[in-house]
Amino acid sequence: MRNSNSGAIATRLTNPGIIDRLEQDIQDYLHEFGFKIKRERNQSDVDQTRQKDHQAVIFIPTLPYSYSNNKEDDCTTASSNNNITNITTPTTSSGPIGTLHLHIQNESLLPTIGPLLRTLLRLAVHIPPQSLRAILYCDFILDPLHKLSKMSALQQRDHLGRQEEIAARKMVNAVHMLVRNSMGSALCLDMVIVLPCYWRRRDADDDDGKECLFISKVAVEQAMESNNHDACYPSIHLEERIDNDIIFNGCANNNIDNTSDGGAESSSIQLSVTTRMCTVRHQPLLFRWLHQIGSRNQSVAGESAHSILPPLTRLGDHDMPLIVACIEKPGNLHRILMLCHQYWHRSTSVLSNLIVVMPDEGERSSGLKQLFQGAIDHFRETILNQDGASVHDSEEDCLPTLMYEGEAMPLLWSRLHQHNDNGKHQDERTSSPQEHSIIGIDLHPNALTLSGYDYASQAQLALMNADAVIFGYESTGIPRNIDDMLNNWVQIPSRSSINLVAAMSIIFDAMFSTS
């Protein structure tokens with residue numbers, strides 16, 4: 001629905017976590033772009049205070065451009081043009097300056113895009129949120145195995161009608177989980193979802209002979225309305241597909257395209273999501289892409305200087321610094337282990353140099369360490385054993401070290417001395433803590449700023465010559481006792497803090513980059 005006074009798109013929210021997070025984001029930086037949020041109170045509810053905390057309306061400013069043939073209703077405002085190629089052509093010249101094309105290969109992966117969009121919004125420091133468009137192509141089929149050959153025409157029509165209703169409800173739930181996983185950030189972008197097909201027939205004698213039926217926008221809108229606006233997002237544009245072409249099939253495929261139309265520059269990037277880890281590995285690509293867009297006004301001199309810099313020597317096993325990650329959630333540990341594993345071809349010591357710092361248990365459950373150790377054991381059994389970890393001297397050489405926050409400082413000093421004695425500074429043995437280069441990834445007045453536009457910078461050189469790189473907790477940052485060890489800082493430019501796994505992915509990319 002639209003607010004008649006301001007023309008903003010009003011979206012009702014019922015998740016208290018999303019309401020709190022969006023309220024903070026709007027207060028921190030989104031208010032300057034016209035975003036507003038208002039908590040609601042149901043006067044008929046006896047517990048009015050509790051009701052107030054669980055409902056709110058966010059007012060999303062209308063786009064500075066429009067889609068052709070827009071059709072508005074109480075739930076969804078979107079283009080009624082079925083041709084998906086028209087998505088990138090607004091009816092005015094002031095279109096998005098950056099378009100992210102995400103090709104999603106499985107329906108279970110759609111909700112996992114949420115954290116990626118949240119990071120996208122936060123990394124776009126110099127770009128208005130609604131000047132960024134995210135087009136999500138649902139390159140999958142919902143329930144593709146149903147056969148209709150033995151049904152009558154009436155039975156086929158009824159069956160397909162029910163099938164589309166079921167598929168539409170699945171899409172509504174997936175979109176709702178995407179918004180929820182983004183903590184509402186997806187609502188602040190110009191987001192388009194290209195709907196999948198819900199049935200496909202493949203001829204037995206002809207692999208290329210396919211008949212696909214695509215979910216209609218109307219079916220999804222009706223499914224949204226049936227939820228009593230609990231998962232109704234008018235600012236998200238829905239588009240129907242006209243073919244079943246899948247553009248990308250690999251996580252690593254990406255392509256950046258810069259165009260200029262009458263002086264108005266725009267840039268786009270194509271990414272494919274085939275596994276959950278793709279969204280982690282795509283973070284550095286988005287970081288570089290966003291900095292490329294934000295650096296256009298100063299790009300000529302910068303490009304010339306960057307092109308004559310000698311290539312950086314990549315990190316080897318003896319150069320890999322200790323990686324200290326302060327982790328509160330076992331789920332984050334699994335993603336970090338997978339991230340380290342994907343850099344194994346660059347340095348086999350990346351996992352053994354990982355030190356995981358856990359919160360002191362205190363009043364917490366005594367099973368915290370068991371949960372973390374369980375995540376490591378699961379990783380060893382399901383990933384390392386399959387990849388042949390036995391090629392290393394010992395399986396334990398491939399695994400991280402666990403320690404509590406309270407015991408971290410003396411253990412870290414011990415590991416630093418051991419690490420340097422094993423080869424990082426064989427020619428320059430350090431004897432005092434002050435001689436170690438210990439970098440914290442954190443906001444600090446003296447922090448070096450990592451540039452996505454020019455990785456050959458002081459920040460990257462500092463990272464590559466570090467003895468230890470330390471990442472703090474997502475909620476409270478680097479613990480005080482570990483913070484006292486730091487003598488240098490590197491920060492990732494962002495509107496607000498980004499999640500731990502995204503930060504590690506971006507820093508790893510900078511550390512292992514060769515240019």
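The first residue of the sequence shown is numbered 1, and numbering continues consecutively from there.
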So, applying side-chain hydrogen bond (donor to acceptor under 3.5 Å, both in side chains) with Tyr137, which one of His101, His103, Gln270, Arg241 is it?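 By the side-chain hydrogen bond (donor to acceptor under 3.5 Å, both in side chains) criterion, Tyr137 pairs with just one of His101, His103, Gln270, Arg241: His101.
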Heavy-atom closest contact ([X] atom, [Y] atom, distance):
X: Val273; Y: Leu109; answer: O-CD1, 3.5 Å
X: Leu371; Y: Pro330; answer: CB-CG, 3.9 Å
X: Pro234; Y: Cys232; answer: CD-O, 3.5 Å
X: Ile478; Y: Ile470; answer: CD1-O, 4.0 Å
X: Val350; Y: Phe508; answer: CG2-CE2, 4.1 Å

Close side-chain approach of [X] and [Y], heavy atoms under 4.5 Å:
X: Ile323; Y: Phe471; result: yes
X: Leu463; Y: Pro321; result: no
X: Ile383; Y: Met338; result: yes
X: Ile104; Y: Asp139; result: no
X: Cys197; Y: Leu213; result: no

Quick one: does [X]'s side chain have a donor or acceptor within less than 3.5 Å of a partner on [Y]'s backbone?
X: Gln55; Y: Thr14; result: no
X: Ser494; Y: Ile498; result: no
X: His282; Y: Ser272; result: yes
X: Glu164; Y: Ser216; result: yes
X: Ser131; Y: Ile127; result: no
X: Ser505; Y: Val280; result: yes
X: Asn181; Y: Met177; result: yes
X: Gln283; Y: Ile506; result: no
X: Ser226; Y: Ala223; result: yes
X: Asn353; Y: Met320; result: yes

Given side chain to side chain contact (heavy atoms under 4.5 Å, CB included), test Leu142 with Met171 step by step and report yes or no. CA-CA 9 Å; Leu142 294 169; Met171 283 302 301; 4.1 Å; yes
Can you tell me how far [atom2] of [Y] sits from [atom1] of [X], rounded to the nearest 0.5 angstrom?
X: Ile19; Y: Met183; atom1: CD1; atom2: CE; answer: 10.5 Å
X: His126; Y: Arg495; atom1: NE2; atom2: CZ; answer: 9.0 Å
X: Leu189; Y: Gln130; atom1: CG; atom2: CD; answer: 8.5 Å
X: Lys217; Y: Leu238; atom1: NZ; atom2: CG; answer: 7.5 Å
X: Asn173; Y: Met224; atom1: CG; atom2: CE; answer: 11.0 Å
X: Leu178; Y: Ile193; atom1: CG; atom2: CD1; answer: 6.0 Å

With sequence neighbours excluded, tell me which residues meet side chain to side chain contact (heavy atoms under 4.5 Å, CB included) with [X].
X: Lys38; answer: Phe59
X: Ser108; answer: Asn106
X: His31; answer: Ile26
X: Thr476; answer: Tyr473

Tell me whether the rings of Phe379 and His341 are parallel (<30°), tilted (30 to 60°) or perpendicular (>60°).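 Ring orientation, 0 to 90° scale: perpendicular.
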Not counting sequence neighbours, which residues clear side-chain hydrogen bond (donor to acceptor under 3.5 Å, both in side chains) with [X]? List them please.
X: Asn499; answer: none
X: Gln222; answer: none
X: Asp483; answer: none
X: His334; answer: none

Does any donor atom in the side chain of [X] or [Y] lie under 3.5 Å from an acceptor atom in the other side chain?
X: Ser185; Y: Arg118; answer: yes
X: Gln24; Y: Asp28; answer: yes
X: Thr449; Y: Gln491; answer: yes

Could you pull out all residues at least two apart from His444 that satisfy ring-ring contact (aromatic ring centres under 6.0 Å, His included)?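 With sequence neighbours excluded, His444 shows a ring-ring contact (aromatic ring centres under 6.0 Å, His included) to Trp489, given in chain and number order.
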Under 6.0 Å between the ring centres of Tyr343 and Phe512?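 So the answer is yes for these two rings.
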Whether Arg281 and Asp509 form a salt bridge (side-chain N of Lys/Arg under 4.0 Å from carboxylate O of Asp/Glu) is what I want to check.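 So Asp509 does not pair with Arg281 through a salt bridge.
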Verify the neighbour count for atom CZ of Arg180: are there more than 12 heavy atoms of other residues, nucleotides or ligands below 6.0 Å?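 No, because the 6.0 Å sphere around CZ of Arg180 holds 12 heavy atoms or fewer from other groups.
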The criterion is salt bridge (Lys or Arg N to Asp or Glu O under 4.0 Å); which residues satisfy it with Arg122, sequence neighbours excluded?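 Result, salt bridge (Lys or Arg N to Asp or Glu O under 4.0 Å) vs Arg122: Asp25.
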Salt bridge (Lys or Arg N to Asp or Glu O under 4.0 Å) involving Glu23 - partner list, sequence neighbours excluded: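 So Glu23 forms a salt bridge (Lys or Arg N to Asp or Glu O under 4.0 Å) with Arg39.
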Given side chain to side chain contact (heavy atoms under 4.5 Å, CB included), test Gln460 with Met464 step by step and report yes or no. CA-CA 6 Å; Gln460 187 194 22; Met464 297 186 71; 4.0 Å; yes
